[in-house]
Structures are given as C-alpha cells and as structure tokens.
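Read through the structure below, which is laid out as structure tokens, and then see the notes.
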2 protein chains.
Amino acid sequence: MFKLSRLADYAVVTMVELGRHVELVTAPALAQETGLPEPTVAKLLKVLLADGLLQSRRGARGGYELALPLKDISIARVIAAVDGPVMVTACVDGGDCGCTSGCSLKGKWDVVNDAIRATLEAISLADMTRGAPDGAGGLSAGVRRGPESAAPGAAVLGG
Amino acid sequence: MFKLSRLADYAVVTMVELGRHVELVTAPALAQETGLPEPTVAKLLKVLLADGLLQSRRGARGGYELALPLKDISIARVIAAVDGPVMVTACVDGGDCGCTSGCSLKGKWDVVNDAIRATLEAISLADMTRGAPDGAGGLSAGVRRGPESAAPGAAVLGG
DNA sequence: GCATAGAGTACCGCTCAGGTCCTGTTTTCG
DNA sequence: CGAAAACAGGACCTGAGCGGTACTCTATGC
Ligand code: FES
Ligand code: FES
C-alpha cells in the first residue's frame with residue numbers, strides 16, 4: 001500500500017534519538033529509550049553504520065554516534081540505507097516490471113520517482129524533531145501547493 | 001523498498017491504455033495490448049470500476065471505458081484504488097507503528113505523508129502519456145528544486 | 001436460446017520483510 | 001592477565017501479504 005518498511009520507520013526514530021545525545025550511546029540503551037526491541041535496533045544500527053550515517057566505537061564503553069548533524073541528514077538518506085534506493089516501480093533505472101513489450105510508460109515513471117525522491121530529500125531529520133506548524137505554510141516551498149484546487153498536475157510536466 | 005505494488009503499476013498502464021480508446025474495450029483486448037496477463041487485468045478492472053474510475057457495460061459487446069478524462073485522474077487516485085491510501089508509515093492517521101510509548105515522531109510523519117500524497121496528486125495520467133521534457137524544467141513548480149545544493153529541508157518546515 | 005463478457009468471490013502458493021540467534025572481535029577495567 | 005562489555009557480521013526462521021488463478025453468476029446482444 002505504498003508504505004515504507006517498518007525498519008525504515010524505526011531507523012528514523014533511532015537516528016533522531018541518537019541526535020539527542022552528544023556522547024556514544026549503546027544499542028541496548030537506544031532500544032530502551034525508543035521502546036523498540038533490542039535485536040532490531042542492533043541490526044538497524046549496523047546497517048546505518050555500514051552506510052556511513054553513524055560512527056561507532058567497539059569494546060567496553062563503546063557505542064554509536066551520528067556521523068553528521070541531524071539537519072544534514074535527509075529522510076531519503078535514511079530510507080535508502082535501510083530499504084534501498086527509492087523506486088516507485090521496478091522499471092525505473094532501466095528495470096522491467098512485466099509490461100516490457102513496447103510499454104509507453106517505460107521511462108515516464110522516472111519522473112514520478114524523481115519527484116518522490118526530491119520530496120524525501122527535502123525533509124531532514126531535524127525537521128522531524130521540531131514541531132510541524134499546524135496551520136500556516138507547513139510545507140512552504142512548493143511541495144504543498146494545493147493540487148486539489150487546480151487541475152491535477154497542470155504545472156508539473158512542462159509540456 | 002518503498003515501491004508501490006506491481007498491481008498499482010499495472011493499473012496505471014491499463015488506465016492509460018484505456019485512454020487511447022474512445023469506445024468500450026474488453027478485458028482480453030486490454031490484456032493483449034498491454035502485454036499483461038489477462039486474469040490480472042480483469043481483476044484490476046473490477047477494482048478500478050468499484051472505485052468509480054471506470055464505467056462498464058456487461059454482456060456481449062460489453063467492455064470498459066474511462067469515467068473521467070485522463071487529465072483529470074491523478075496517479076494518487078489510481079494508487080489509492082488499488083493499493084489503498086498512501087501511508088508512509090503505520091502511524092499516520094493515528095495508527096501505531098510499534099514505538100508507541102511517547103514517541104516524539106508520532107504526528108510528524110503526517111507531514112511527510114502529506115508531501116508524498118501531494119506529489120502524487122500533482123501528476124495526472126495524461127502527464128504520463130506525453131513525453132517528459134528532458135532538459136528544461138521538467139518538474140517545475142517546486143517539487144524539483146535541487147535540495148542537494150542547499151541545506152536539505154531548510155525551507156520545508158516553516159518553523 | 002446461445003454466445004459473449006463483466007461481477008463477484010474464494011482460494012492458494014510464493015516471496016520477502018521482520019525478527020531471532022549465534023559466534024567472533026575489539027576495547028576497557030579490575 | 002582475565003573477565004566483562006559492546007560492536008561486527010552473519011545465518012536462519014517465520015508469517016503476513018502480494019500476486020496470481022479458478023469458478024460461478026448475471027447481464028446483454030444477436
Ligand atoms: S515497463 Fe513499467 S510501466 Fe511498463
Ligand atoms: S509511532 Fe510511528 S514513528 Fe513513533
């Protein structure tokens with residue numbers, strides 16, 4: 001149903017929690033603070049570390065810390081680390097999704113994919129921490145511009 | 001990996017193919033034109049019909065036709081019909097995703113969800129048919145505004 | 001009345017995400 | 001030096017849900 005995996009969700013939660021500390025934090029401590037199961041958190045941390053989003057110190061008194069400040073980490077980055085790159089369909093980046101023979105939409109999904117990716121890249125983890133302004137222009141720059149009122153997609157594709 | 005289901009992909013293909021006809025089209029004919037398996041197409045058509053996106057005529061000489069012109073049908077609409085409403089995590093619209101106890105991100109995902117939904121609503125099926133402008137401002141209004149260059153998400157949340 | 005084609009429903013197998021566990025390695029501390 | 005702490009890196013298992021299939025019923029046209 002077009003949702004990202006629960007692991008990606010948990011990864012964002014874990015990263016934000018990590019951002020609240022300045023010193024190294026252990027996996028069990030993070031699990032307790034976030035309320036997530038410890039093995040899952042440990043697994044997530046390894047993945048995030050492998051992607052370069054975290055730094056770690058082994059051994060006793062070890063733990064994890066962010067490699068970048070929260071504001072410099074986009075949600076897309078975290079999702080890509082856990083779930084792999086954003087691909088709305090299997091036929092972006094040249095793959096096949098079944099309707100191979102002369103499908104007229106073959107490359108068109110890339111546009112949609114790019115839009116989604118841009119949207120996710122425009123939101124940082126720091127944005128998740130601060131309260132979203134309820135009424136006023138929450139999403140300002142253009143992502144949120146009331147597409148229901150105008151003709152859908154009128155201004156999207158330049159054609 | 002944050003992809004929509006294959007059925008949703010097929011649904012868009014089928015809808016676009018339907019848009020190329022003015023008269024009723026049968027499910028087998030659509031299957032042949034799109035290259036998709038016939039049972040799957042038939043199932044899809046039933047779902048799309050139930051959602052009001054199609055009109056049908058039963059019996060001999062029956063078939064399907066679009067209930068609305070392609071330009072008035074957003075991708076989000078098709079996806080919602082097949083895959084259900086767009087929900088990036090399970091904790092939008094008040095649900096739980098596991099980290100229930102005092103999760104600081106509880107409502108923040110709604111913002112992300114809204115952004116994704118708006119992006120998908122801004123692209124119509126008609127936009128999928130016409131060639132995406134390669135160089136020039138493909139995604140004009142703001143969805144594509146180079147978040148890599150500026151600080152990610154700097155202008156997103158008004159706070 | 002028969003052929004056509006959609007409407008509706010029920011079912012089944014396969015894939016993969018989500019979760020658990022184990023073992024090895026590194027570092028600190030007593 | 002030994003023991004404990006904590007990360008590193010797998011292997012493995014299970015369940016839900018997607019994707020696909022089949023069957024029957026009903027409506028329409030010739
Ligand atoms: S190849 Fe993916 S939509 Fe046709
Ligand atoms: S409740 Fe979904 S992120 Fe915490």
Side-chain angles (χ1 to χ4, degrees), chain A residues 1-11 13-14 18 21 23-32 34-65 67 79 81-84 87 89-90 96-99, chain B residues 1-11 13-14 18 23-32 34-65 67 79 81-84 87-90 96-99:
Chain A
M1 55 160 103
F2 202 60
K3 57 189 275 263
L4 46 81
S5 72
R6 196 184 308 190
L7 271 302
D9 182 0
Y10 289 174
V13 176
T14 304
L18 260 172
H21 297 73
E23 278 298 321
L24 295 174
V25 194
T26 68
L30 271 174
Q32 185 167 0
T34 57
L36 302 173
E38 301 163 23
T40 300
V41 172
K43 189 180 195 175
L44 265 175
L45 290 170
K46 291 167 190 170
V47 174
L48 294 170
L49 175 74
D51 200 76
L53 287 171
L54 301 180
Q55 288 179 335
S56 67
R57 177 172 228 137
R58 297 172 67 157
R61 290 289 311 266
Y64 295 92
E65 65 182 349
I79 294 175
V82 177
D83 279 0
M87 291 175 61
T89 71
D96 288 332
C97 70
C99 48
Chain B
M1 54 160 106
F2 203 58
K3 57 190 274 266
L4 46 81
S5 72
R6 195 184 309 191
L7 271 302
D9 183 359
Y10 290 173
V13 176
T14 304
L18 260 171
E23 279 296 322
L24 296 174
V25 195
T26 68
L30 272 175
Q32 185 167 0
T34 57
L36 301 174
E38 300 162 24
T40 300
V41 172
K43 189 180 194 175
L44 266 176
L45 290 169
K46 292 168 190 169
V47 174
L48 294 171
L49 175 75
D51 200 75
L53 287 170
L54 300 181
Q55 286 179 336
S56 67
R57 177 170 227 138
R58 299 171 66 155
R61 290 289 311 265
Y64 294 93
E65 65 181 351
I79 293 175
V82 178
D83 279 1
M87 291 175 61
V88 291
T89 70
D96 287 333
C97 70
C99 50

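Just so we're on the same page: letters track the sequence lines, and every chain starts at 1. For clarity, every value in this text was computed on a predicted model and none was experimentally measured.
A nucleotide of DNA chain D counts as in contact with chain A when one of its atoms lies under 4.0 Å from a heavy atom; the first and last such, 5' to 3', are D:dA5 to D:dG9. With a heavy-atom cut-off of 4.0 Å to chain B, the contacted part of DNA chain C has its first and last nucleotide at C:dT4 to C:dG8.
For the pair A:L49 and A:A60, both in contact range of DNA chain D, the more 5′-proximal nearest nucleotide belongs to A:A60. A residue-by-residue look at B:L45 and A:K3 shows that B:L45 has its nearest nucleotide of DNA chain C further toward the 5' end. Sequence order on DNA chain C of the closest nucleotides to A:G59 and A:A8 puts A:A8 first from the 5' end. Both A:G63 and B:D83 lie near DNA chain D, and the one whose nearest nucleotide falls closer to the 5' end is A:G63.
One distance of note links CG of B:L7 with CD1 of B:I79; it measures 12.5 Å at 0.5 Å rounding. The line from CG of B:L30 to OH of B:Y10 is 15.0 Å long, rounded to the nearest 0.5 Å. Atom CZ in A:R61 sits 11.0 Å away from atom OG1 in A:T26 (nearest 0.5 Å). Taking CG of B:L45 as the start and CG of B:L49 as the end, the distance is 8.5 Å to the nearest 0.5 Å.
B:L24 is linked by a side-chain contact (heavy atoms from CB on, under 4.5 Å) to B:R57, B:E65, counting only residues two or more places apart in sequence or in another chain. Residues passing the side-chain hydrogen bond (donor to acceptor under 3.5 Å, both in side chains) test with A:S5 are A:D83, sequence neighbours excluded. Partners of A:F2 under the ring-ring contact (aromatic ring centres under 6.0 Å, His included) rule, at least two apart in sequence or in another chain, are B:F2. With sequence neighbours excluded, the residues forming a side-chain contact (heavy atoms from CB on, under 4.5 Å) with A:P37 are A:P39, A:T40, listed by chain and number. B:A31 meets the side-chain contact (heavy atoms from CB on, under 4.5 Å) test with B:E38, B:V41; sequence neighbours excluded.
Within the 4.0 angstrom heavy-atom criterion, only backbone atoms of the sugar-phosphate kind lie near A:A27; the bases stay farther away.
Non-hydrogen atoms lying under 4.0 Å from DNA chain C are contributed by B:S56, B:R57, all within residues 50-57 of chain B.
Within the structure, salt bridge (Lys or Arg N to Asp or Glu O under 4.0 Å) pairs that include any residue of residues 40-51 of chain A comprise A:D51-A:R77 (at least two apart or interchain).
If you run side-chain contact (heavy atoms from CB on, under 4.5 Å) between B:L44 and each of B:T14, B:V13, B:L54, only B:T14 comes through.
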